[in-house]
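So you know, we letter chains A, B, ... as the sequences are listed, proteins then strands, and number each from 1.
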Protein chains: 2
Amino acid sequence: MEKSLMHKDKKPVAVPEPTIRRMPAYLTLLRQLKDEGQEFISAPRLASFFNLDPTQVVKDLAYAGAAGRPKVGYVVEKLVEILEEFLGFNRKHEAFLVGAGFLGSALIQYQGFREAGMKIVAAFDTDKKKIGKDISGVPVFDLAKFRDLAGRLHISIGIITTPSSAAQQIADLMVGWGIKAIWNFAPISIKVPPHVIVQDTHIYANLAVILNKLNNAGR
Amino acid sequence: MEKSLMHKDKKPVAVPEPTIRRMPAYLTLLRQLKDEGQEFISAPRLASFFNLDPTQVVKDLAYAGAAGRPKVGYVVEKLVEILEEFLGFNRKHEAFLVGAGFLGSALIQYQGFREAGMKIVAAFDTDKKKIGKDISGVPVFDLAKFRDLAGRLHISIGIITTPSSAAQQIADLMVGWGIKAIWNFAPISIKVPPHVIVQDTHIYANLAVILNKLNNAGR
DNA sequence: ATTTAATAAAGAATAATATCTTTAATAAAA
DNA sequence: TTTTATTAAAGATATTATTCTTTATTAAAT
Ligand SMILES: NC(=O)c1ccc[n+]([C@@H]2O[C@H](COP(=O)([O-])OP(=O)(O)OC[C@H]3O[C@@H](n4cnc5c(N)ncnc54)[C@H](O)[C@@H]3O)[C@@H](O)[C@H]2O)c1
Ligand SMILES: NC(=O)c1ccc[n+]([C@@H]2O[C@H](COP(=O)([O-])OP(=O)(O)OC[C@H]3O[C@@H](n4cnc5c(N)ncnc54)[C@H](O)[C@@H]3O)[C@@H](O)[C@H]2O)c1
């Protein structure tokens with residue numbers, strides 16, 4: 001039986017994306033509380049860390065299948081387990097990264113992904129100066145030599161950190177590799193077949209929100 | 001007169017955050033179309049690039065103050081100007097960055113911010129090996145020597161790319177410096193006074209969305 | 001001229017999300 | 001034991017965002 005909330009007719013209810021996006025933040029804090037030896041946490045207190053409505057936290061946690069006790073709250077350790085399981089942070093998805101430049105290198109060496117269900121196992125580039133090196137133990141290969149990687153690898157995620165101009169062609173290549181999800185950091189929208197998952201992480205979207213607030217601050 | 005939509009009672013209507021977040025993507029594409037010499041673009045065509053509903057694009061552009069002509073669409077060059085002006089990408093906000101590690105270095109050398117209204121003018125770190133160096137022309141200073149920077153600098157944005165453990169204390173410092181907005185990349189929620197703008201860019205939120213789709217793909 | 005097709009724009013309807021309200025559980029205090 | 005305070009959980013409402021529908025505009029075709 002799934003942990004997610006069930007609809008009356010037994011079909012799993014889709015978890016709202018805003019809920020999914022908040023969950024890792026809960027988890028990060030909860031892991032810290034766990035390390036500090038805190039046993040229980042209530043939704044109102046958890047909410048206060050993030051300036052959220054307490055009922056929202058309760059509902060988010062309910063989507064993951066967590067239950068709390070009145071007057072006590074949730075068991076921190078249990079909650080960490082439930083969220084890790086629900087988010088898939090304790091499984092291990094392997095990833096290829098294409099574009100071992102500044103951002104690519106930062107992602108490759110980033111240890112945080114290890115506790116978040118993703119492991120970058122290889123990088124690819126076209127720059128002779130980068131090929132053959134390794135970054136924190138992750139080898140950088142010549143992309144040209146891997147153009148026709150047989151599909152059906154056990155790699156589920158492809159990360160794009162090339163310039164925009166190359167992003168679509170890299171995406172096409174990854175689709176050919178049989179990759180299931182593409183995490184794109186180039187500031188363009190890539191096109192893929194419907195069965196491939198795409199997550200664009202557009203840095204300018206965040207900057208735009210900041211500038212909008214800054215420029216309207218005097219209102 | 002503001003470019004933004006007006007309510008009947010003349011108060012400016014708040015632009016929805018989802019709209020703000022989509023706008024930079026429109027702008028990036030429009031700049032490219034402009035470079036390619038394309039004169040007009042219709043909302044339906046623009047929408048098809050992003051798999052959006054055409055009326056959504058029309059409404060988003062209307063928020064920026066753009067008007068199109070039936071049967072023709074929008075004038076690309078005009079639209080670029082309007083969006084740049086609306087987003088504040090043609091003003092110049094100066095920024096300080098604290099934590100000149102992998103991610104910080106990537107952000108510092110990233111040329112894209114130049115066309116997006118933000119210029120990183122200095123970086124700070126506590127690591128002796130980084131202090132005194134410069135990254136793409138941006139000097140890295142010893143944070144300890146700049147603890148009590150006089151407020152009222154012309155710096156409006158503070159970027160945090162330190163480990164989580166240091167993020168809150170850096171935020172407090174930045175607030176003391178008189179910084180107006182904080183762009184935080186550490187995966188924790190920082191607390192600031194209400195007059196300070198905070199934008200958390202939590203990498204795990206994006207990863208969680210990917211993993212959720214991946215793990216539920218078989219449904 | 002007149003008609004047609006494409007489109008922006010405005011408005012209505014729908015859907016998604018967040019907040020508020022009520023209820024029930026339960027631990028601690030009286 | 002009884003009361004009180006706190007809380008989760010469920011449900012109702014409100015808000016926000018998206019999509020659908022209609023109307024009006026305009027360029028091109030007839
Ligand atoms: N640097 C940042 O902070 C940052 C932030 C957000 C988004 N981005 C985006 O991430 C991407 C990379 O940025 P960066 O600053 O790391 O740039 P970079 O130039 O340091 O890295 C790009 C890398 O891609 C490689 N490359 C180029 N064409 C390629 C191809 N066809 N196949 C394989 N590899 C190829 C280059 O050799 C280089 O190593 C850009 O699209 C940028 O807009 C960067
Ligand atoms: N690397 C990534 O791809 C990535 C992605 C998303 C978020 N993040 C987050 O960004 C932050 C930095 O990640 P990173 O991979 O660049 O780490 P890093 O270790 O390379 O860089 C951190 C830098 O902060 C400096 N620092 C430490 N304490 C400091 C202090 N008190 N004051 C000033 N400087 C201090 C360190 O000397 C170092 O230069 C982390 O919070 C990480 O979770 C990283």
(Q) Using 30° and 60° as the class boundaries, would you call the ring planes of B/Trp177 and B/Phe124 parallel, tilted or perpendicular? (A)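 Taking B/Phe124 first and then B/Trp177, their aromatic rings sit tilted (interplane angle of 30° to 60°).
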
Q) Taking the inter-plane angle between the rings of B/Trp183 and B/Phe185 on a 0 to 90° scale, is it parallel (under 30°), tilted (30 to 60°) or perpendicular (over 60°)? A)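 B/Trp183 and B/Phe185: tilted rings.
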
Q) Quick check: are there more than 12 heavy atoms from other residues, nucleotides or ligands sitting under 6.0 Å from CD of A/Gln109? A)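 More than 12 heavy atoms, drawn from other residues, nucleotides or ligands, come within 6.0 Å of this atom.
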
Q: In sequence, state the C-alpha distance, the side-chain angles, and the governing distance for B/Tyr110 and B/Ile120, and then conclude on side-chain contact (heavy atoms from CB on, under 4.5 Å).
A: CA-CA 10 Å; B/Tyr110 188 46; B/Ile120 300 175; over 6 Å; no

(Q) Using a strict heavy-atom distance below 4.0 Å, which residues from residues 39-57 of chain A are in contact with DNA chain D? (A)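 Contacts with DNA chain D under 4.0 Å: A/Ser42, A/Ala43, A/Pro44.
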
Return yes if some donor-acceptor pair links the side-chain N/O of [X] with the main-chain N/O of [Y] below 3.5 Å, else return no.
X	Y	value
A/Asp125	A/Ala100	yes
A/Gln168	A/Lys191	yes
A/Asp53	A/Thr55	yes

Q) Do the side-chain N or O atoms of A/Tyr74 get closer than 4.0 angstrom to the phosphate oxygens (OP1, OP2) of D/dA9? A)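 Checking D/dA9 against A/Tyr74, a side-chain N or O does come within under 4.0 Å of OP1 or OP2.
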
Q. 5' to 3' on DNA chain C, which nucleotides open and close the contacts with chain A (atom under 4.0 Å from a heavy atom)?
A.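 Terminal contacting nucleotides, 5' to 3': C/dT17 to C/dA27.
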
(Q) Nearest whole Å is fine: how far is D/dT21 P from B/Lys59 NZ? (A)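 After rounding, the gap between these two atoms is 13 Å.
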
Q: Dump the intermediate steps for side chain to side chain donor-acceptor pair (under 3.5 Å) on B/Glu84 and B/Asn90, then the final yes or no.
A: CA-CA 6 Å; B/Glu84 283 178 344; B/Asn90 50 12; 4.7 Å; no

Q.
Please determine whether side-chain contact (heavy atoms from CB on, under 4.5 Å) holds for the pair B/Phe50 and A/Ser189, giving the CA-CA distance in whole Å, both sets of side-chain angles, and the decisive distance to 0.1 Å.
A. CA-CA 6 Å; B/Phe50 303 102; A/Ser189 281; 3.1 Å; yes

Q: Take A/Phe86 and A/Val15 through the test side-chain contact (heavy atoms from CB on, under 4.5 Å) and record every step on the way to the result.
A: CA-CA 11 Å; A/Phe86 181 82; A/Val15 180; 3.6 Å; yes

Q: Encode nucleotides 25-30 of chain D as B, S and - characters from 5' to 3', where the letter depends on protein heavy atoms closer than 4.0 Å: B to the base, S only to sugar-phosphate, - to neither.
A: BBB---

